[in-house]
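Step one of this worksheet: look at the structure below.
Read the numbers this way: they start at 1 and go in the same order the structure lists the ligands and their atoms. Computed from a predicted structure; not experimentally measured.
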Amino acid sequence: MAELPEVHTITEDLNKEIPGYTIQDVTVIGNYRINPDKIGFINKLKGQAVVKAERVAKNILIKLGSGEYILIHLAMTGQVLLKELRDKTPNWARVVLRITKNGATKTIYLCDMRMFGKIEILSENDIGKLRSKYGPEPITEHLTPENFHQQVTSKNTNIKNVLLDQSIVSGLGNIYTTDALFIAGIHPETPARQLTVDMARKLLDASREILNEGIKHRGSTLQDKMYIDIYGKEGTHQKYFRIYGKNVCPVCSSKIIYKKVSGRGTYFCANCQSLNGQKTLF
Ligand SMILES: [Zn+2]
């Protein structure tokens with residue numbers, strides 16, 4: 001599933017490639033989640049200029065000449081691919097945008113094997129509402145440890161759930177949360193309210209470190225190969241995972257524990273990640 005580094009990579013690349021193009025043709029294949037309905041969607045997009053691509057949390061936004069935006073949410077298995085005219089249609093293509101500039105034609109494919117993703121047209125006003133749904137991103141400089149501490153201790157649940165809650169902090173998903181908690185030495189089931197300012201500082205620093213690394217490595221591609229960039233290339237951050245998907249702790253060589261925390265597969269080292277400020281005994 002695409003998290004901040006993957007969506008960031010896709011958006012940055014789109015922003016290098018597609019501004020200045022005009023949408024010539026739109027095809028919706030099958031029953032993909034689009035908004036408005038198929039005819040409205042196609043009519044609104046045809047002839048629109050592409051202004052820029054940007055990201056809000058894990059949403060890809062493409063700003064159009066009309067001031068409206070295309071929003072793409074990749075969910076579990078969504079992919080955005082940019083192809084030349086001669087390239088063949090990729091697997092699981094659901095929405096196809098043919099774009100042209102000075103006689104050059106490219107094709108943007110939204111592919112989605114499991115079809116949990118969506119594509120919508122939103123107004124500027126809708127985008128304002130969308131932005132307000134999300135908490136600050138750990139990678140933004142203006143999020144201070146004190147603010148972060150205040151945010152994470154406001155919820156009556158464990159710290160892993162809080163980090164996954166996009167209204168508290170946005171952009172962290174299961175993979176980067178797992179590794180951030182490990183770097184910070186915090187057990188994923190620690191009650192969020194018990195985090196001290198010092199623990200919150202460590203966790204914010206760890207979240208920044210792991211997200212920035214993920215961006216540098218152009219995202220993580222797991223064995224399912226579901227995340228690829230717009231050119232069809234895999235990310236490399238999976239080679240740098242700390243404990244996600246691992247059996248042995250890289251620090252103390254203890255066996256990594258795997259269990260479901262709130263339904264999400266979670267890895268942790270009971271020796272390096274203390275619960276309630278204490279070392280846990282397993
Ligand atoms: Zn360890």
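- Screening residues 234-259 for ring pair (Phe, Tyr, Trp, His ring centres under 6.0 Å), with sequence neighbours left out, gives Y176-H237, H217-H237, H217-Y240, H237-F241, F241-Y244, Y244-Y267, Y258-Y267.
- A salt bridge between K129 and E124 is absent, with no side-chain N of the basic residue lying under 4.0 Å from a carboxylate O of the acidic one.
- Proximity of a side-chain donor or acceptor of T77 to a complementary backbone N or O of R114 within less than 3.5 Å is detected.
- Protein N/O/S atoms closer than 2.8 Å to the Zn ion (ligand 1): C249 SG, C252 SG, C269 SG, C272 SG.
- Of the options E54, H73, K133, a side chain to side chain donor-acceptor pair (under 3.5 Å) to N59 is made by H73 and by none of the others.
- Minimum heavy-atom separation, L164 to G173: CD2-C, 3.4 Å.
- Listed here is the closest heavy atom pair of G40 and P36: C-CG, 3.8 Å.
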